[in-house]
Amino acid sequence: MDALEFRVREPGLRDIFDEDAERYERARPRYPASLIEELVRVTGAGPGSRVLEIAPGTGKLTVDLAGAGCSITAVEIGPNMAAVARRRLAAFPAVDVVVAAFEEWEPPPDPFDAVVCATAFHWLDPVVRLPKAARALRPGGLLGIVSTHHVAGGTEDFFAEVQECYERWDPATPPGLRQTRESELATDTSEFTGSPYFTGVALHGHAQDVTYTSEQYLDVLLTYSNHRALPAADRNGLLADIRELIDSRYDGVVTKRYWHELVTAVRVAA
């Protein structure tokens with residue numbers, strides 16, 4: 001877990017991603033091939049299938065899904081993010097990027113074969129997100145929700161030491177905060193298992209280690225809404241301290257471990 005990720009999400013943080021869409025596209029890693037392969041296999045997102053993607057951002061997942069041959073409607077709230085996604089997906093005419101909040105968007109009468117959402121489901125209104133996803137799916141259609149966690153691994157000493165930087169620049173940081181190992185994550189799937197719209201809920205995990213230079217790592221941090229929401233002076237001080245730590249103690253390079261969880265479920269008949 002990153003130090004600032006414990007903070008309660010505030011209204012408006014969801015929109016911060018759109019402020020610097022090009023940085024998001026440049027800095028955020030793509031999803032591991034094993035996850036893409038499983039998602040395509042489970043949802044059947046191949047030639048002839050119709051897929052709804054919720055909150056595609058700049059198309060980190062969309063490009064790989066489009067490469068599998070499916071038709072995609074991607075509903076993205078941020079116009080800048082959507083513009084980058086359209087540019088990246090220009091080679092795939094069967095992809096339509098729509099600028100809208102999913103909660104307000106009206107699905108077409110013809111339901112989709114699959115609905116997917118990657119590292120964004122938690123931003124959606126919890127009252128609306130699952131019932132509306134179900135409404136957009138045909139009976140027997142597949143739901144695929146990806147969540148991303150920053151877990152212990154990679155350059156572990158750095159992630160222990162860096163907490164002092166967070167404690168220095170953000171008083172709300174819990175003292176001694178440490179990352180959790182993927183084996184210790186307690187994933188709550190009750191929203192899916194308790195839904196009358198879905199059955200056959202399954203959970204699978206995929207690990208990914210990404211190595212960053214100090215410049216690349218700061219770039220990634222600046223795509224996190226809670227870092228961007230810090231007052232400018234605190235944010236600049238935090239980033240300067242982190243850069244100094246990476247460059248002086250870790251030869252300018254650190255490795256971060258991501259754990260991607262894929263929850264899948266089947267739409268029951270109405």
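Numbers here are sequence positions counted from 1.
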Least distance between heavy atoms, L137 atom then P111 atom: C-CB, 3.6 Å
Enclosure of R26 CZ (heavy-atom neighbours >12, cutoff 6.0 Å): yes
Donor-acceptor pair, side chain of R28 and main chain of T223, under 3.5 angstrom: yes
Sidechain N-carboxylate O distance under 4.0 Å for D209, R257: yes
Side chains of R235 and L222 in contact at under 4.5 Å (non-hydrogen atoms): yes
Spacing of Q163 atom CD and L177 atom CG [to the nearest 0.5 Å]: 5.0 Å
Note, V51 side chain near D113 side chain (heavy atom, < 4.5 Å): no
CZ-SG distance between R50 and C70, expressed to the nearest 0.5 angstrom: 11.0 Å
Side-chain touch S147/F121, heavy atoms, less than 4.5 angstrom: no
Side-chain heavy atoms of V75 within contact of I54, under 4.5 Å: no
Hydrophobic cluster identity match, V146 and Y24, side-chain contacts under 4.5 Å: no
CD (E164) with more than 12 external heavy atoms under 6.0 Å: no
Shortest non-hydrogen contact from E167 toward P175: OE2-CA, 3.5 Å
Donor-acceptor contacts under 3.5 Å from residues 79-90 side chains, at least two apart:
| residue | atom | partner | partner atom | Å |
| --- | --- | --- | --- | --- |
| N80 | ND2 | D18 | O | 3.0 |
| N80 | ND2 | D18 | OD2 | 3.2 |
| R86 | NE | V97 | O | 3.3 |
| R86 | NH2 | V97 | O | 2.7 |
| R87 | NH1 | E22 | OE2 | 2.9 |
| R87 | NH2 | E22 | OE1 | 3.3 |
| R88 | NE | E25 | OE2 | 3.0 |
| R88 | NH1 | T58 | O | 3.2 |
| R88 | NH1 | G59 | O | 2.9 |

Please tabulate, for the side chains in residues 29-39, all donor-acceptor contacts under 3.5 angstrom to protein atoms that are two or more places apart in sequence or on a different chain.
| residue | atom | partner | partner atom | Å |
| --- | --- | --- | --- | --- |
| R30 | NH2 | D64 | OD1 | 2.5 |
| R30 | NH2 | D64 | OD2 | 3.2 |
| Y31 | OH | T119 | OG1 | 2.7 |
| S34 | OG | H206 | ND1 | 2.9 |
| E38 | OE1 | H206 | NE2 | 2.5 |

Check: V116 main-chain N/O paired with E53 side-chain donor or acceptor under 3.5 Å: no
Criterion salt bridge (charged side-chain N to carboxylate O under 4.0 Å, His left out) on R243 and E215, from CA distance to verdict: CA-CA 7 Å; R243 183 195 296 275; E215 187 69 28; 2.9 Å; yes
Gap separating the OH atom of Y166 from the CG atom of D234, nearest 0.5 angstrom: 13.0 Å
Aromatic ring proximity, centroids under 6.0 angstrom, H149 and Y258: no
Minimum heavy-atom distance H227-L221, with the two atoms named: CB-O, 3.3 Å
Rounded distance [0.5 Å steps], CH2 in W259 versus OG in S183: 9.0 Å
Cluster link V95 to L65, ILVMFWY, side chain under 4.5 Å: yes
N-O pairing of E103 and R129 below 4.0 Å: no
Separation between NE2 of H122 and CD1 of I145, rounded to the nearest 0.5 Å: 11.5 Å
Side-chain heavy-atom pair E261, L185 within 4.5 angstrom cut-off: yes
Test: R178 and E156 ion pair at under 4.0 Å: no
Side chains of D247 and S214, donor plus acceptor under 3.5 Å: yes
Using residues 262-270 as the side-chain source, report each donor-acceptor pair under 3.5 Å to any protein atom, sequence neighbours left out, with the distance given to one decimal.
| residue | atom | partner | partner atom | Å |
| --- | --- | --- | --- | --- |
| R267 | NE | A134 | O | 2.8 |

Straight-line distance of T211 OG1 to K256 NZ, nearest 0.5 Å: 12.0 Å
Side-chain touch R181/V151, heavy atoms, less than 4.5 angstrom: no
Any C165 side-chain heavy atom under 4.5 Å of L238 side chain: yes
Nearest atoms (heavy-atom pairs only) where A74 meets P56: CB-CG, 3.6 Å
Working for side-chain contact (heavy atoms from CB on, under 4.5 Å), residues H204 and V42: CA-CA 11 Å; H204 302 279; V42 171; 5.9 Å; no
Same apolar cluster: W105 and L130, side chain cutoff 4.5 Å: yes
cation_pi(K132, F102) dist<6.0 Å, angle<=45: yes
Closest non-hydrogen atom pair, A136 against L52: CB-CD2, 3.8 Å
Nearest atoms (heavy-atom pairs only) where D125 meets V127: OD1-N, 2.9 Å
Close side-chain approach of F192 and L203, heavy atoms under 4.5 Å: no
hydrophobic_cluster_shared for L61 and W123, side chain cutoff 4.5 Å: no
Mutual orientation of the aromatic rings belonging to Y250 and F158 [parallel < 30°, tilted 30-60°, perpendicular > 60°]: perpendicular
same_hphob_cluster(L230, V162) at 4.5 Å side-chain heavy-atom cutoff: yes
Identified ring-ring contact (aromatic ring centres under 6.0 Å, His included) counterpart of H150 within the set Y224, Y217, F159: Y224
